[in-house]
Protein chains: 2
Amino acid sequence: MLSVGLETGYAMKKHVEGNLSHFWQESYGQIYPVLRRLEDEGMVRRRKSAATPGPRRNAYLLTARGERELRGWLAEAPELPIPRMELLLKLSFGERADAGVCIEHVREHRTMCERDLELFDEMEPPLEAAALAHRNVAFGLLTLRYGRLLREAELRWCDEAVGRLAALDNEHESARTGEASR
Amino acid sequence: MLSVGLETGYAMKKHVEGNLSHFWQESYGQIYPVLRRLEDEGMVRRRKSAATPGPRRNAYLLTARGERELRGWLAEAPELPIPRMELLLKLSFGERADAGVCIEHVREHRTMCERDLELFDEMEPPLEAAALAHRNVAFGLLTLRYGRLLREAELRWCDEAVGRLAALDNEHESARTGEASR
DNA sequence: CTAGCCATGTAATCCGTTACATGATTGG
DNA sequence: CCAATCATGTAACGGATTACATGGCTAG
């Protein structure tokens, strides 16, 4: 983040919240200590704040060493996340749940997907325009496209899942009432 | 897991690895202590092993209390995972990376998606058949369908992303060589 | 004047993995 | 007989969040 002009821990946190929140998060309890550690390791340097008005701020810069390290890190294969999707875990034990709770969970998830997609609808066009002028925006757009395509797929899955769950409920019901429903 | 007949910590771990691995994981360091804690809380009971041959095993059963707790947990809204997708993080700082590394990362990811999809191709038809006979299998199938739809979407994103990244590389190149490439 | 934001930081805590230790049984 | 698998467990460690503490500045 220092490499793209974010100088303070506070600014970094805001950047993560505002621009990377659909695939990353960081807390102050993480950011500030790491900044210190990086300073000790010679990756970053603290800029002496020349009596700026306003609250005390620690502005950092990337050193040449830090820049090399960054390049190296970017070139390493990214680790893939170990998914921990509680919705799916609950669903896979759905047989033990009371009737309707599975469908309800999936519907809830669907609503969340729709909300995200609306956000993407607002964010994408201006970004697409800005990407033509600023190379770095184009990279951000990539991650937004990822979020959109994934949420769209999840939305389709939700609809399919609700269908399957409803069918299961019906089967169950007709079995319970002794198939009398015909 | 006790509710579906998995009695030992070992069996639970294997079940997670074999059936839930695309959206969950657990380690022994987690499982065994939790089992003890659940026993203290009266959620589970240790079955006395009647001199079974083979290695010592601690088999557990769900108590009525545990079953109530399970039902309650299943009914609670699942937390959504805080995604931490290193690929996207690196991509969003892709401007700072050496040429080609972004495309390479995305290609790698694409390969992984394809591998997963092949696995789904093998697993899905037999499960779909088994789901007609066993209700509980139908719930497992739901999670597998989720995995498939998501990976398919990721695959499409990879292709799009490679296209966009290639275009960015070309722009950059022609800018560097003074637009001489026409 | 006060609520809200800018800004920094630490300590407690939690969740979970990794590494290690142990030992019985079984199939080749 | 030896490797693999069944089976259980603990200690150390690590990464990250949460809660808390502090304080200046600014806009209404």
Side-chain angles (χ1 to χ4, degrees), chain A residues 1-2 5-41 43-61 73 76 78-86 89, chain B residues 1-2 5-21 23-41 44-61 73 76 78-86 88-90:
Chain A
M1 283 187 273
L2 291 177
L6 296 157
E7 298 187 311
T8 70
Y10 187 82
M12 291 178 196
K13 173 83 158 110
K14 293 295 143 180
H15 182 246
V16 173
E17 279 170 8
N19 305 298
L20 319 178
S21 62
H22 53 292
F23 64 86
W24 204 265
Q25 67 173 151
E26 289 298 349
S27 60
Y28 290 124
Q30 193 77 352
I31 291 171
Y32 288 117
V34 165
L35 240 18
R36 291 296 175 93
R37 211 197 64 211
L38 289 175
E39 197 184 3
D40 292 343
E41 294 171 351
M43 306 291 183
V44 307
R45 222 175 51 233
R46 204 182 323 186
R47 241 185 27 188
K48 40 206 141 299
S49 54
T52 39
R56 170 176 73 98
R57 54 205 300 277
N58 290 342
Y60 291 86
L61 313 161
W73 177 77
E76 278 171 37
E79 282 173 49
L80 28 107
I82 335 96
R84 249 187 160 145
M85 185 95 192
E86 207 174 293
L89 185 64
Chain B
M1 282 188 272
L2 291 176
L6 296 157
E7 298 187 310
T8 69
Y10 188 81
M12 291 179 196
K13 173 82 158 110
K14 294 294 143 180
H15 182 246
V16 173
E17 280 171 7
N19 306 300
L20 317 179
S21 61
F23 63 86
W24 204 266
Q25 69 173 149
E26 288 298 350
S27 61
Y28 290 124
Q30 193 77 350
I31 291 172
Y32 288 117
V34 166
L35 240 17
R36 291 296 175 91
R37 209 197 64 208
L38 289 175
E39 198 184 3
D40 292 342
E41 294 171 351
V44 307
R45 220 174 53 232
R46 205 181 321 188
R47 241 186 26 190
K48 40 206 141 301
S49 54
T52 38
R56 169 176 74 97
R57 54 206 298 278
N58 291 342
Y60 292 86
L61 312 161
W73 177 77
E76 277 170 38
E79 281 172 50
L80 28 107
I82 337 96
R84 245 178 167 159
M85 184 97 190
E86 206 174 293
L88 295 185
L89 185 64
K90 291 191 173 183

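Throughout, protein chains are lettered first and strands after them, A, B, ... in sequence-line order, and every chain is numbered starting at 1.
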Trainee: Tell me the interatomic distance from A:R37, atom CZ, to C:dG9, atom P, rounded to whole angstroms.
Mentor: 16 Å

Trainee: When the distance from CG of A:L35 to P of C:dG9 is rounded to whole Å, what number comes out?
Mentor: 8 Å

Trainee: Output the rounded distance in Å from CZ (B:R84) to C1' (D:dA16).
Mentor: 7 Å

Trainee: Ignoring backbone atoms, establish whether B:R56 has a side-chain N or O less than 4.0 Å from OP1 or OP2 of C:dT25.
Mentor: no

Trainee: Classify B:G29 by what it touches in the nucleic acid, base, sugar-phosphate, or nothing, heavy-atom distance under 4.0 Å.
Mentor: base

Trainee: Charged N to carboxylate O under 4.0 angstrom, B:R46 versus B:E7?
Mentor: no

Trainee: Whole angstroms only, please: what is the CZ-C1' distance between B:R57 and D:dT5?
Mentor: 14 Å

Trainee: How long is the line joining CD of A:Q30 and P of D:dG14, in whole Å?
Mentor: 13 Å

Trainee: Answer yes or no: does a side-chain N or O of A:R36 lie under 4.0 Å from OP1 or OP2 of C:dT8?
Mentor: no

Trainee: For a quick check of understanding: with a heavy-atom distance under 4.0 Å over all strands, which category does B:Q25 fall into, base, sugar-phosphate or nothing?
Mentor: sugar-phosphate

Trainee: What integer distance in Å separates B:Y32:OH from C:dT17:C1'?
Mentor: 16 Å

Trainee: Taking only the side-chain nitrogens and oxygens of A:Y10, find out if one of them lies under 4.0 Å from OP1 or OP2 of C:dT8.
Mentor: no

Trainee: How long is the line joining CD of A:E7 and P of C:dC6, in whole Å?
Mentor: 16 Å

Trainee: Separation of B:K14 atom NZ from D:dA7 atom P, in whole Å?
Mentor: 10 Å

